[in-house]
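Every chain is numbered from 1, with letters handed out A, B, ... down the list of sequences.
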Amino acid sequence: MSKVTVKLTGITKSFGTNKVLRGINLDLPAGKITALMGANGAGKSTLVKIICGVYSANSGTITLEDVPFTPSSPSHAIASGVVTVHQSINDGVIPDLDIASNLMLDQLAKPASSFFINARKTRNQARKIAAAIGLEVDVTRTVSDLGLADRQLIAIARAMAHHPKILVLDEPTSSLSASEATRLFTLLDRLRNKGVAILYISHRMSDIRRLADRIVSMRDGEIAGTFETEPLDYEGAVNSMLGQQMAGLQLDTKPAGKPVLVLKDICLKAGAEPFSIDLCEDEVIAITGLVGSGKTDFASVLFGLTPLYSGSMMLNGKPYDPHSAGDAINSGVFLCPKDRASNAVIPGFDITGNITLPFLARHSTASFIKDRSEQTTASATISSLGIVCQSNSDDIGTLSGGNQQKVMVGRWLAETSRLLVLDEPFQGVDIKARRDIGSKIRQTANGRATIVFASEMDEALEIADRIVVMNDHTIVGNHLNKNIDMNAVMAQVAGQQTTQQQSI
Amino acid sequence: MTDKNQNSSNEATSVKTKSTPIDFAIRYGFLALLVALVIFFSLAAEGFAGPHSAVFIFQSVAITGILALGVTCTLVVDGFDLSIGSVATTALMLSAYVMVVWEMNAFVAVIACLVMGAVVGLINGFLIVKMRVPDLLATLGMMFLLIGLQRIPTQGRSIATGMTMPDGSVANGTFSKAFLALGRHRFDFFIDNLIPFSVIFLLVIGLLIWVFLELTRHGRIMYAIGSNERAAALAGANVNRYKVLAYVISGITASIGGILLAARLGRGDLASGNNLLLDSIAAALIGFAVLGAAKANAFGTIIGALFVGILLQGLTMMNAPYYTQDFVKGAVLVVALVFTFALSHHRSGGHT
């Protein structure tokens with residue numbers, strides 16, 4: 001057993017009343033790549049931020065090579081040998097400077113470094129840093145001329161100049177192409193052989209298969225499973241990260257009505273496998289899949305935000321080709337987007353204004369807003385979804401996350417739609433609000449088709465008549481939510497090649 | 001107002017019982033300050049309370065106020081229009097050129113100015129929405145361009161009847177009486193000749209913009225765009241169209257301001273209107289603080305313009321030197337911004 005570089009014991013972290021980490025115990029052995037998996041909101045990023053000194057833990061201890069380690073700031077963590085490459089590549093490089101300056105940036109930023117820059121010396125040192133990780137580049141080139149992979153490698157090279165004991169990579173391949181990712185993997189192999197402990201966070205199963213020596217999965221702020229015996233149990237890791245215990249509420253699944261939106265041979269992007277699916281009246285379909293499996297792209301296509309790459313869509317028997325959100329809404333296709341803070345909430349408005357925003361035309365005569373009509377709709381939404389607030393005119397920012405989300409969903413339930421698309425409607429929502437929202441969506445589902453994109457398996461099981469699995473921008477599974485074969489679903493989510501599809 | 005409406009607003013006020021002194025200060029602080037200022041100057045400066053100084057304040061407030069209302073519209077969509085001052089001076093020169101050099105009538109001059117303002121607004125909107133130039137930079141560029149453009153036809157000279165043109169001819173046109181009346185006529189209001197025509201313009205435009213922003217769905221959507229552009233777009237709003245609209249409104253109001261200035265001056269004076277940009281932006285920003293709105297709003301903008309006008313007139317009558325004016329305006333603006341941002345942040349603190 002190789003020696004343990006970093007050991008975390010009983011780490012907890014709360015933001016307000018929200019417990020994000022509930023006692024994490026984690027070892028990161030030297031010379032091994034530990035893959036960390038977890039759904040959105042499982043607490044991965046918070047854990048990373050604690051390790052790299054952005055946050056401090058509420059309780060628990062970290063030891064770095066058997067010495068207690070409490071990083072006070074990211075620069076302290078880096079100086080101690082804990083180096084992190086963040087998800088957004090441009091956080092790691094400065095595009096307008098040349099490669100040499102980028103590689104030497106930490107040197108230049110040191111207060112002790114000299115006032116004037118010796119260009120030649122900087123270049124020579126930068127070349128050394130690049131060579132140390134086997135990167136062959138012209139260090140005088142400007143970073144903005146480089147591709148994403150090169151930028152990523154430069155960010156890593158810069159990190160490696162600190163001779164890290166542990167390297168943390170947060171979703172490093174999320175914007176890389178397959179061949180670019182391969183270059184990154186070669187580099188990581190080399191670092192592993194040098195004895196660096198690597199914590200690799202990713203949703204991409206292919207990355208994890210390629211790299212991981214061991215897998216740790218997180219769920220709801222806890223370590224849900226550690227997998228380190230060869231051969232690694234990838235499916236088990238996905239299972240433990242998504243959690244598949246039945247949610248304890250039994251659904252009355254309804255038969256589907258007549259088709260509302262018929263999708264034929266559609267491709268979401270170049271090179272993706274085409275797929276066809278009918279979205280039918282009265283039916284709630286949950287679409288599940290890992291991050292990057294194309295769920296968001298699918299939602300964007302349905303709502304007219306990105307054009308369909310190829311194939312055809314028929315809404316109510318007529319061709320459907322929306323060019324904007326406005327087009328989609330006028331055709332009766334509504335989208336409740338994911339990530340409400342950036343995509344949905346109008347922070348300057350009260351509850352009423354947030355609810356009525358998309359349908360102001362219905363609440364006005366000759367463009368003049370009728371306050372009474374607005375308030376009636378808002379009050380109806382507040383009572384039917386059980387939104388906890390003091391009055392219709394509360395600022396949206398005073399509501400809790402769950403209640404804000406209810407407002408966002410209520411916004412789109414206030415008018416009848418033909419197709420309602422909800423992208424991650426349970427994101428950042430507590431269990432009570434999640435049940436309220438879910439049951440409201442099911443109650444109102446008659447007469448329209450409903451699609452819910454959900455990355456958590458229990459959310460899908462809780463709400464859907466039918467569960468559709470996406471992987472690699474196409475549909476790989478289609479199951480009625482009745483005596484569902486979870487193993488088959490999980491295998492499809494993880495991208496295992498199953499021989500026969502469990503389709504109907 | 002309907003019963004239901006009153007009920008709900010009663011409910012709202014009765015629930016929000018925790019009105020602390022700070023809440024009160026945020027809501028009424030600026031209005032109280034305005035009243036206090038009027039009382040102070042009435043007592044301290046002889047003649048301040050009389051009709052003459054009122055006329056002077058109204059005159060000075062009207063044009064900046066009209067420009068400020070345009071800026072307000074761009075601020076609502078989270079934009080900014082730095083070109084308003086130069087649009088106004090371009091309108092000033094254009095109206096003079098049309099009437100004095102081309103010897104056309106007042107109607108043509110007014111229409112030409114309004115069209116110019118609208119076109120500048122469209123170009124600003126196009127640069128910002130389609131060319132993705134940041135609003136400050138696009139309108140700054142437009143400002144330079146217009147300042148330069150208005151000098152080209154006369155080779156950098158001001159326009160007045162009898163001037164010699166670059167080609168040697170003499171400009172014989174005059175400002176028509178009707179046009180000059182726009183800037184000079186005063187209406188009787190209890191006292192003879194109290195209300196300048198331009199103030200009527202300010203009130204009408206102010207009312208129109210207030211109604212548009214507060215009562216119509218278009219105004220509501222513009223506020224939504226200013227608050228969270230992405231969310232507004234995903235709710236189906238045509239964000240680009242509304243943004244362009246805001247700059248067109250701003251261009252048109254600025255050209256109206258320029259027309260009124262030309263009518264008051266009676267000549268195409270290149271040096272006039274230097275202060276218009278800063279004064280009107282200050283008025284719109286001070287408006288954020290009025291009634292604790294913490295956002296651009298038409299009523300606040302007019303109060304903001306009035307505030308600056310009263311303060312300057314009062315100080316002038318107390319013999320404060322002219323060169324302290326900008327300093328005072330700057331100080332008022334900074335205080336207003338503190339009101340808006342620091343205090344209202346304090347109020348909505350808690351949730352993030």
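In this structure, the portions of B:Ala224 lying under 4.5 Å from any heavy atom of chain A include both its backbone and its side chain. Heavy-atom distances place the side chain of A:Pro337, and not its backbone, under 4.5 Å from chain B. For A:Ser324, no part lies near chain B; criterion is any non-hydrogen pair under 4.5 Å. Within the 4.5 angstrom heavy-atom criterion, only side-chain atoms of A:Ile329, from C-beta onward, approach chain B.
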Show your reasoning for whether salt bridge (charged side-chain N to carboxylate O under 4.0 Å, His left out) applies to A:Glu374 and B:Arg220. CA-CA 12 Å; A:Glu374 261 198 307; B:Arg220 178 75 71 80; 2.7 Å; yes

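Note that CG of B:Leu234 is 14.0 Å distant from CZ of A:Phe334, once rounded to the nearest 0.5 Å. The structure places CD of B:Glu214 at 12.0 Å from CZ of A:Phe368, a figure rounded to the nearest 0.5 Å. Between atom CG of residue A:Leu357 and atom CZ of residue B:Arg217 there is a gap of 11.5 Å, rounded to the nearest 0.5 Å. Rounded to the nearest 0.5 Å, atoms OG (A:Ser342) and CZ (B:Arg230) are 6.5 Å apart.
Here the closest heavy-atom approach between residue B:Ala233 and residue A:Ala325 is recorded as O-CB, 3.4 Å.
Most heavy-atom pairs under 4.5 Å with chain B, from the set A:Ile346, A:Val345, A:Asn354: that is A:Ile346. Chain B forms the most heavy-atom pairs under 4.5 Å with one residue out of A:Ser364, A:Gly348, A:Ala361, A:Gly353, and that residue is A:Ala361.
For OH of A:Tyr309, the number of neighbouring non-hydrogen atoms (other residues, nucleotides, ligands) closer than 6.0 Å is 12 at most.
Considering only heavy atoms from C-beta on, B:Leu215 stays 4.5 Å or farther from A:Ile369 through its side chain.
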